[in-house]
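The structure presented is a predicted model; accordingly, all values stated were derived computationally and were not measured. A note on names: the letters A, B, ... follow the listed sequences, proteins ahead of strands, and every chain is numbered from 1.
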Amino acid sequence: MRRLTTAVGLATLVSLLFVPHVTAQDDELVTLRIGLTQDWETLNPTVGFAVSEYEIWNLHYATLTDKAADDFATIPGLAESWEESNGGLTYTYTLRQGLEWSDGEPITAEDVAWNVNTAREQEWDNMISAVANIEATVVDERTVELTSSVPDPKLPTMDVYLVPRHIWEPIATDYDATTQYEALDGVGSGPFVVSDFAKGQSVTMVANPKYWGWGGDTPAIDQVIFQLFENPDAMVAALLQGQLDAIHGFPPGSAEALEADPDIEVVAGQQGGFDEIAINGGAVDGQPHPALLDVAVRRAISHAVDKAAVIEDLWFGLATPLEAVSPGADTKWIPDIPEDGQFGYDPELAKQILDGAGYLDTDGDGVREMPDGSNPIVLRHAVNTDGDQAAAIGDLFKGWMEAIGIGVELESYDQDALYGVIVEGTYDTFFWGWTPFVDPDPMLSYFTEAELANYNDANWFDPEYDRLYLEQKQELDPERRLEIVHQMLTILHDAAVYIPLYLGPDLQAYRTDTFEGWVRQPAEIGPVMFSNSSPSYALLRPIGAEGDGGGGPNWALIGVAAAVVVLGGAILLGRRRTGADERE
Amino acid sequence: MRTSGSDRLTTETTTARGRGRLVRRKLLGSFLTLVFVLVFNFFLFRVVQTDPIGSLFRGRNVPQETIDDLRTAFGLDEPLITQFVYYVRETAQLNFGVSYQSRQPVWEGITTAVPATVALVGVAAILSAVIGTIGGIVAAWRRNTWRDHAITSGTMVFYAMPDFWLGMILLVGFAVVLGWFPVAGIVDAGSTASGLARFADQAHHMFLPALTLTLAYLGEYTLITRSSLLDVMGEDYLVVARAKGLRDTVVRNRHAVPNALLPVVTLAAINFGFVLSGAIAVEAVFSWPGLGKATADAIRGPDLPMLQGLFLVFSASVIVFNLLADLAYAWLDPRVEP
C-alpha cells in the first residue's frame, strides 16, 4: 500500500511539471515583448542610471520639451510653445490644454515648477546638471517661467523627467527620502506607465490613455513587457522562436543567425557612443613613459592602430570607424578631419615618423629607445577586466606596437581599480569607451584642466581648448557653437592623446511580422529602442493577428509524462510486498 | 543493533546533561565562528582600495559635490575603525544598511531573491541527495555488476561536467531546439496567473535548471554512499542477519544502509548549508532571479552593504548547517565523544 501511494505521489509530481501552464494572460491584449540583458536597480528617476531604467522612464514620464526622432531637435512636449526673453536667460513655457496624469489629476505649471526647484534644492543626481542654475516660477496654471542665472545654451531644452507632485511632494522631504522612494506608484504622463516590476525578471507597462501624444487615437498597444535575460543566447533564441518581438544588446556573434532569418531586422544603432585607446598625457603625478610626452610618438602610435581589423574581428563589421572624439549623441558634433590630417592605419609611416624623431632601436633587440639610447620604449597597457573587448584589444594592441618596435606589457585591472590607476597616472595606455549625452558639454569638459584627477582620463589639457570650452558653454547661437566644438575637438585630435577606434553600436533586432512602425533615433543610423527619447513605442502598430508565443507541442510532453508514470509504476509495483516474517 | 563503545562514553552521551553540554559547546563554537566571519567580511572588502561611490558615478553627469555628499552620507570618508564600529553596531541590530546601487534596504534585496534560490537549489540538493544515495546503495550492493558500472560512470560523467555547460546543453536541446521548456526566467513575463497555475508555471520554468544542478551534484552522493556501504558490507552482523534468513533487500535497507549513512548525512548537511550561496553560473544560464545574480551584481559595484549582507547570510547558513550536521552526527553515532 505504501509503495502504491509513493508511486502515485511521484507520478503526480512529475506530471505536474509537464502540465501545460495556463497563464491568465488575456489573449485580447496587444502585447509588445522586448528582451534585454541589463537589469533594473531602481525605477526612481532621480537616482537610477542604467540604460534599462532610462527606457522605462522615457515611456512613463513625459517631459516639458521632447526630442525629434531624426536629429534630437527640441520639439514641444508637455509644453506646446515657449518664448525667450531677457537675452535668452528666461524662457516662458505654455503647457498644452487639458493635460492629465494617468490617475486623472491635472498636470499644471505647479508640477513643473516643483520638479525643477526641488531637484535643484535637493540636488537630485539625475537632474542637477540640467537645473543647477535654474529657478522656476509659476505664472498661471498653464504657464511656467524658467530663469537661468548664467547663459545656458541647452535652453529651451528641458527634458528632465517630471514626477507627479501630488504623489511625490509628501514623500520627497529630503534627498534621502526622495532617493529611497521606490517610485512604483504607477502614476505617469508618458505613453505607457509601469504596472508591475519584478526585479531581476521583468517590467510590465500598460498604455496610458491620458498621454498627450496619442492625438485622440486609442493606443494601438495595450501592454509592453520588458523581459530580462541573464543569458544573451537564450534571448536570441527567444526572438528567433517568436517569443519576443524585439531584443536589445545581443552579442555580435549572433548577428549572422539573426540576419539569416527573413522575418527579423537587425539594427546596429549609433548614438555617439565610442571606444578608444587613451594615452597618458602626463598632466598628473604619475608620469607615462617619457616617449609619450612627444606628440610625434603619439601620432606614430595612432598610425599603427588597425581599426578596420578590430571592427571586422570583434564586431563582425557592425561598428563604424572613428577618427575624432564623439562628444554627443548626434554625430554632427564630430569634426571632419581633412584627409591629410587623419591618422590612418599605416605601420610603415609610423616607423618612419619614429625613425625621423630619433627613436631608434640601437641595440637590435626589437624595441626602440629614447633618442639618447636609454629607456627602451615599453608601454604599460591597462586591461579593463570588466570590459567585453578589453582583453582582445589588449592583445591586438601589443601586436600592433611590436610591429613598429614598441614593447607592450599588459596589466589587468577591474574597472574600479582601473579608475584609481588612471587618476594616479601609473599607466601608459588603456582601452575604454564612453556613451555621451545629447548635449556635448559634459563630454567636452572631460578634457579640461579642471577635470584632471577626476573625469579627465587623458591626463592632458590645452589652454586653448579650455578657453574654447568656456566659450561654447555660453554660446547661444547653435551654428557658432558647433564651430567652436569642432575647433576644440580638432585640437584634441591633433594632440593624439585619445585614439578613437570606432562608434560602438547598440545591437538590436526586431521581428518584422509582429509590429511595424519602428523609428530610428537619430534618423538612418540610430537604434530603434533604448535611444534618447524612445519615440518608437508610441508609433508601433501590430501587424494583423498577433503571433503566438513559442511553446512546445504539448502532446510530446504528455507522452513523456505518461511514459515516466508507467515506468515508475511498473518498477515500484513490481516489487514484492514485505511479508510479516521478513520484518524484524 | 549497533556496536557500542565503552560504558562511560555511552553514559556521557545519553544523559540529558551530557547532551546539553555538547550542544552548548557547539553553539558557542558556531557563534564565535560567525563573529569572526563578521569581522573578516568587513575588512575583506576594504582591503582593495576601492571607491564604490566614485565608480558608481563614472561617466554620469553628476557634479563632484553631489558625489562627495553621498560619500559622506554613506560614511565612507570616516576612518576605517569608525566605519567598523558603525558596521558592528548596525549588524547587531540586524540593520544591514542601504544598497549603493538600488538605494533600498539590503535586507529587502536579499529576501526578495532568497525564495527563488532556495526553491531551485533546495530541490536540486534534496533530489541529488536522495537519488545519489539510492544510486550509491545499488552500486555498492551490486558491486562490479553492470549496474554498478553504469551508475558510477554515469554519475561521474555528469559530475565532471561544468554545471553551466551542462545547463547550456540542456537549454539548447530542450528549450531552444525542442521548445518543451521556456528559455529563461521563473515565470512567463507579464503573466498574471496565480495559485496552482502559477505554481505549475514556476515548476515548468524550474525543471531544466533543477535537472542541471541535480545531475551535477549526484556524483558526490553516489561515490560516498557506495564506498561507505562497501565498508559496512564486510561487517559480521550482516552475516548474522543473512544467517537468520532475512531477504537480501531487508538486510541491505534495515541493517547495512543505516550504518553507512553517517558520512552521507554529514555531506548532505554541509551541502544544504551551501544552498543559499546558490549556483551563480546555472542561475545565469537560465536567467533565474536568485541570490547568485544578486551577488554578481553587487560585486560589480562594489556595492559594499549588499556584499556584506550577502556574505553574512551565506556564512550564517553554512555555519548553522555545519552545526546541525555536527549535532546530528553526535546523535546518530553513540561512539562520538561529547
How many angstroms lie between atom CD1 of Ile137(B) and atom CZ of Arg142(B), to the nearest 0.5 angstrom?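 CZ of Arg142(B) is found 12.5 Å from CD1 of Ile137(B).
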How long is the span from the CH2 atom in Trp165(B) to the OG1 atom in Thr212(B), to the nearest 0.5 Å?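 Between atom CH2 of Trp165(B) and atom OG1 of Thr212(B) there are 11.5 Å.
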Looking at Lys154(A) and Asp441(A), does any basic side-chain N land under 4.0 Å from a carboxylate oxygen?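 No.
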So, Tyr237(B) versus His255(B), ring centres under 6.0 angstrom or not?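 No, they do not, as the ring centres are separated by 6.0 Å or more.
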When the ring centroid of Tyr175(A) is compared with that of Trp124(A), is the distance short of 6.0 Å?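 So the answer is no for these two rings.
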Chain A heavy atoms under 4.5 Å from [X]: which part of the residue, side chain, backbone, both or neither?
| X | answer |
| --- | --- |
| Ala175(B) | backbone |
| Val98(B) | side chain |
| Met168(B) | side chain |

For Tyr181(A), which atoms come within 4.5 Å of any heavy atom of chain B: side chain, backbone, both, or neither?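 It is the backbone, since no side chain atom gets that close.
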Please classify the contact between Asp196(A) and chain B as side chain, backbone, both or neither, with a heavy-atom cut-off of under 4.5 Å.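 Neither part, no heavy atoms under 4.5 Å.
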